[in-house]
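Inspection log for the structure reproduced underneath, given as structure tokens.
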Amino acid sequence: MSSFDKIRTRIAPSPTGFLHLGTARTALYSWAYARHHGGEFVLRIEDTDVARSTQDSVDQIIAAMNWLGLSYDEGPIYQMQRLDRYQAVIDQLIAAGRAYRCYATPEELTEMREAQKARSEKTLYDRRWRPEPGKVLPTPPEGVKPVVRFANPIEGDVTWDDVVKGPITINNREIDDLIIARTDGVPTYNFAVVVDDWDMRISHVFRGDEHVNNTPWQINIFNALGAPLPSFGHLPIILGDDGLKLSKRRGAVSVMDYAANGYLPEGMLNYLARLGWSHGDDELFSAEQMVSWFDGTHLSKSPAQWDPAKLDWVNGHYVKQIDEGRLAALVVAQLAGKGISVTVAQVQPKVGLFKDRCATVAALADWLAMYFVNVAPSAEDLATHVTEAVRPAIAALAARLGAVAEWNKANIQQALKETLTAAGLKMPQLAVPVRVLVCGRAQTPSLDAVLEHFDQKKVLERLQSL
């Protein structure tokens with residue numbers, strides 16, 4: 001394990017919004033890798049973007065991590081509480097000649113880049129304030145607060161063996177002298193992340209492949225500090241339905257939106273795991289199984305496609321599998337969100353009848369709502385199914401059901417059979433209009449089983465509402 005005594009991974013979201021699905025996948029892989037190796041997983045909040053960071057975002061990130069079950073061993077650790085540490089490292093780099101103060105104004109930098117473009121050159125900082133042997137620097141201008149730049153090596157290559165992508169090499173001539181501290185002293189991302197990973201002994205960094213171009217800077221800073229290099233694994237992007245990258249800026253919903261919409265954490269974790277990783281042909285597996293399998297291999301180099309239908313299929317599997325008491329409690333919460341107040345005891349006997357039809361808890365709650373609030377059949381269903389020809393049979397069924405002394409499936413089935421025989425109808429001819437009137441929809445599970453869970457008086461009221 002080279003310079004590290006144990007595997008330590010981290011997730012480091014920026015609290016400028018919700019926990020994005022791509023970040024959640026990265027968190028899952030980082031968590032699973034640490035757990036697989038008996039290591040530790042750290043939550044760090046990268047909040048140096050002071051203007052956009054909010055406590056509400058922090059709360060949502062933590063809530064999402066908790067909902068997913070991605071427990072962390074340390075954290076949350078906040079970068080803005082570590083400013084003194086960053087300043088100490090900056091002072092160390094300046095003293096060692098590996099960083100320097102730059103007084104170039106924004107106007108000067110713009111003029112420099114425009115001149116480089118005119119010469120068809122790559123737009124890189126020209127190192128005008130970088131100390132070099134025999135170089136006389138200008139006098140620092142009055143009233144200009146400097147930034148601090150890292151003195152990136154000018155010669156040679158930066159090479160690393162990426163856990164996902166394999167060997168990557170970038171020449172130092174392609175890399176700028178990075179700003180590592182702004183004029184207000186707040187460190188920039190590429191510097192703070194190195195100090196954090198060093199201090200927190202992070203051995204493996206999983207992150208999105210948009211960070212590939214940041215990695216050479218970070219490796220050079222690690223080397224300048226004499227700090228051990230973590231292993232880097234850059235994960236391919238997740239594409240949305242439109243073939244473009246999922247992102248917060250493009251309106252991708254948050255992890256907690258999926259929780260609110262009735263998805264289960266087991267389903268979300270299982271689905272996210274397969275967006276860029278595989279274990280043979282296994283499609284359905286628990287978090288415990290993933291931990292036992294996730295050794296950092298079999299990670300895809302290609303972008304993954306977000307597939308809502310596949311997510312529904314995976315989630316539906318867990319809706320069918322989980323304990324019905326827990327499922328009922330989740331339905332109660334969903335119904336409460338619709339202003340329908342019920343108890344687990346009222347819901348639990350009914351969930352088994354409908355859960356096989358549902359991909360989400362929200363869909364299950366939609367089914368069960370008919371037991372607790374009035375239904376409003378559509379005009380089209382009424383016109384199509386509740387015809388004049390069938391109304392006498394509906395009235396006859398209501399009379400038979402009203403005479404049932406013990407309200408159970410067998411007696412309801414008997415009343416249906418007697419009505420069908422007397423009217424000379426087949427089951428669909430009567431069952432569908434009864435469903436429309438009682439349930440507000442034309443399709444349900446077996447009618448006798450559905451009606452059994454209704455209050456007898458409510459069934460009679462709805463059948464007699466013609």
Side chains of [X] and [Y] only: does a donor on one sit below 3.5 Å from an acceptor on the other?
X      : Y      : result
Asp47  : Gln79  : no
Asp455 : Tyr371 : no
Asp196 : Tyr86  : yes
Asp295 : Thr297 : yes
Ser446 : Asp448 : yes

Donor-acceptor pair, side chain of [X] and main chain of [Y], under 3.5 angstrom:
X      : Y      : answer
Gln305 : Gly240 : yes
Asp162 : His234 : yes
Arg182 : Pro187 : yes
Asp209 : Val212 : no
Ser203 : Arg8   : yes
Asn261 : Asp257 : yes
Asn66  : Ile62  : yes
Gln289 : Ser286 : yes

Does a side-chain N-to-carboxylate-O contact under 4.0 Å join [X] and [Y]?
X      : Y      : answer
Asp381 : Arg435 : no
Asp199 : Arg82  : yes
Arg391 : Glu388 : yes
Glu266 : Arg326 : yes

- request: Would you please classify the geometry between the His211 ring and the Tyr189 ring as parallel, tilted or perpendicular, with 30° and 60° separating the classes?
  value: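 Tilted, since the angle between the ring planes falls between 30° and 60°.
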query: With a 4.5 Å limit on heavy-atom distance, are the side chains of Val42 and Thr9 in contact?
result: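 They are not in side-chain contact.
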task: Identify the residue among Leu43, Ile77, Val193 that makes a side chain to side chain contact (heavy atoms under 4.5 Å, CB included) with Arg10.
output: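 Only one of Leu43, Ile77, Val193 forms a side chain to side chain contact (heavy atoms under 4.5 Å, CB included) with Arg10, namely Val193.
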task: Would you mind telling me which of Leu416, Thr419, Ile412, Val434 makes a side chain to side chain contact (heavy atoms under 4.5 Å, CB included) with Leu401?
output: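 For Leu401, the side chain to side chain contact (heavy atoms under 4.5 Å, CB included) test succeeds with only one of Leu416, Thr419, Ile412, Val434, which is Ile412.
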Enclosure of Lys409 NZ (heavy-atom neighbours >12, cutoff 6.0 Å):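 Atom NZ in Lys409 is not crowded, with 12 or fewer foreign heavy atoms closer than 6.0 Å.
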field: Residues in salt bridge (Lys or Arg N to Asp or Glu O under 4.0 Å) contact with Arg35, at least two apart in sequence or another chain
entry: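 Testing Arg35 for salt bridge (Lys or Arg N to Asp or Glu O under 4.0 Å), a comparison that skips the adjacent residues, returns Asp73.
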